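Reviewing the structure listed below.
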Amino acid sequence: VQLQAFGGGLVQAGGSLRLSCAASGRAFSSYLMGWFRQAPGKEREFVAQINWSGSSTYYTDSVKGRFTISRDNAKNTCDLQMNSLKPEDTAVYYCVAGVRGDWRRAPEIDYWGQGTLVTVSS
């Protein structure tokens with residue numbers, strides 16, 4: 001699976017951005033999908049995960065109620081809608097795919113996309 005992320009950019013605090021991830025390859029619906037991020041000088045961290053059908057989603061506490069992950073298995077895409085953005089959300093965001101695991105506890109990532117930079121100004 002190859003992953004291509006789009007949609008990063010510069011936004012003011014309180015604004016919104018929508019990140020999209022396009023996946024190529026077979027059997028997209030057999031993969032868990034998610035997003036990680038890495039802020040300058042910090043370790044990479046989990047942001048959100050969605051299961052195969054889209055019926056279950058998980059978020060890190062800092063984005064709950066502001067971010068929404070979704071997927072479209074017919075289009076092989078996974079999106080991250082980010083609302084009420086804060087300067088601390090500034091990071092490179094990575095689209096990821098895997099076949100197992102609860103990534104809040106232990107990432108078991110099989111594929112990483114290239115990152116897309118999100119910058120939130122205060």
Side-chain angles (χ1 to χ4, degrees):
V1 174
Q2 291 185 321
L3 305 172
Q4 183 79 24
F6 305 92
L10 174 64
V11 64
Q12 289 187 333
S16 299
L17 277 177
R18 188 176 185 90
L19 304 184
S20 294
C21 177
S24 61
R26 296 183 176 181
F28 174 77
S29 60
S30 67
Y31 289 96
L32 303 170
M33 296 296 298
W35 294 85
F36 280 69
R37 67 185 179 186
Q38 187 167 21
K42 296 187 178 181
E43 294 186 353
R44 197 172 294 182
E45 66 170 351
F46 167 80
V47 176
Q49 181 183 5
I50 190 167
N51 72 344
W52 305 271
S53 66
S55 60
S56 294
T57 57
Y58 308 97
Y59 301 92
T60 191
D61 287 346
S62 63
V63 308
K64 285 181 181 177
R66 301 189 297 122
F67 290 12
T68 302
I69 188 172
S70 61
R71 67 187 297 163
D72 186 331
N73 288 341
K75 296 181 179 179
N76 285 13
T77 58
C78 176
D79 291 351
L80 185 68
Q81 177 66 42
M82 306 185 295
N83 299 328
S84 301
L85 282 161
K86 304 176 181 180
E88 51 264 43
D89 294 318
T90 294
V92 176
Y93 284 72
Y94 297 89
C95 176
V96 300
V99 297
R100 66 179 63 83
D102 181 344
W103 299 341
R104 293 172 294 180
R105 299 179 177 84
E108 297 182 59
I109 308 302
D110 296 300
Y111 301 98
W112 291 82
Q114 97 295 352
T116 185
L117 177 63
V118 172
T119 304
V120 184
S121 63
S122 57

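Note that the structure is a prediction, hence the values are computed from the model and not measured.
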inquiry  = Side-chain heavy atoms nearer than 4.5 Å, only ILVMFWY residues, links allowed to pass through others: does that put Tyr111 and Trp35 together?
reply    = yes

ask   = What pairs of residues pass the ring pair (Phe, Tyr, Trp, His ring centres under 6.0 Å) test when at least one of them lies in residues 57-79, not counting sequence neighbours?
value = none

ask   = Quick one: hydrophobic cluster around Phe6, which other residues, with the 4.5 Å side-chain cut-off, linked directly or via members?
value = none

remark   = What one should report as the nearest heavy-atom pair of Ser53 and Ser55 is OG-OG, 2.9 Å

query = Are any side-chain N or O atoms of Asn76 and backbone N or O atoms of Phe28, one a donor and one an acceptor, separated by less than 3.5 Å?
reply = no

message = Given 3.5 Å as the limit, does a donor-acceptor pair link the side chain of Gln4 with the main chain of Gly113, or not?
response = no

message = For Ser29, is there any backbone N or O sitting under 3.5 Å from a side-chain donor or acceptor partner on Trp52?
response = no

task = State, yes or no, whether a side-chain contact exists between Arg37 and Asp89 at a heavy-atom distance under 4.5 Å.
result = yes

key: Candidate pair Asp61 and Lys64, rule salt bridge (charged side-chain N to carboxylate O under 4.0 Å, His left out), full reasoning   = CA-CA 5 Å; Asp61 287 346; Lys64 285 181 181 177; 3.0 Å; yes

request  = Check the pair Cys21 / Cys95 against disulfide bond (SG atoms under 2.5 Å apart), numbers first and verdict last.
outcome  = CA-CA 6 Å; Cys21 177; Cys95 176; 2.0 Å; yes

Considering all heavy atoms, the nearest Leu17-Gly7 contact = CD2-O, 3.8 Å

ask   = Ile69 and side chain to side chain contact (heavy atoms under 4.5 Å, CB included): which partner among Val63, Leu80, Leu19?
value = Leu80

key: Passing option when Ser20 is tested against Asp72, Thr77, Asp79 for side chain to side chain donor-acceptor pair (under 3.5 Å)   = Asp79

key: All side-chain contact (heavy atoms from CB on, under 4.5 Å) counterparts of Ile109, not counting sequence neighbours   = Phe36, Val96, Trp103, Pro107, Trp112

Shared hydrophobic cluster, Met33 / Phe46 (ILVMFWY, side-chain heavy atoms < 4.5 Å) = no

key: Rounded distance (nearest 0.5 Å) linking atom CD of Gln12 with atom OG of Ser122   = 9.5 Å

message = Quick check on Gln2: does its CD atom have over 12 non-hydrogen neighbours (other residues, nucleotides or ligands) under 6.0 Å away?
response = no

ask   = What are the two closest non-hydrogen atoms of Gly8 and Thr116, and how far apart are they?
value = N-OG1, 3.1 Å

remark   = Heavy atoms of Leu32 and Gly101 approach each other most closely as CD1-O, 3.7 Å

message = Can you confirm whether Arg66 sits close enough to Met82 that some side-chain heavy atom of one is under 4.5 Å from a side-chain heavy atom of the other?
response = no

task = Identify the two heavy atoms, one from Arg71 and one from Gly54, that lie closest to each other, and give their separation to 0.1 Å.
result = CD-N, 4.0 Å

inquiry  = Quick check on side chain to side chain contact (heavy atoms under 4.5 Å, CB included): which of Thr119, Val11, Thr90 does Leu85 satisfy it with?
reply    = Val11

ask   = Taking the side chain as C-beta and beyond, is there a heavy-atom pair between Val99 and Asp110 under 4.5 Å?
value = yes

inquiry  = Return the CD to OG distance between Glu88 and Ser62, rounded to the nearest 0.5 Å.
reply    = 8.0 Å

key: Atom of Ala13, atom of Pro87 and distance for their closest heavy-atom approach   = CB-CD, 4.1 Å

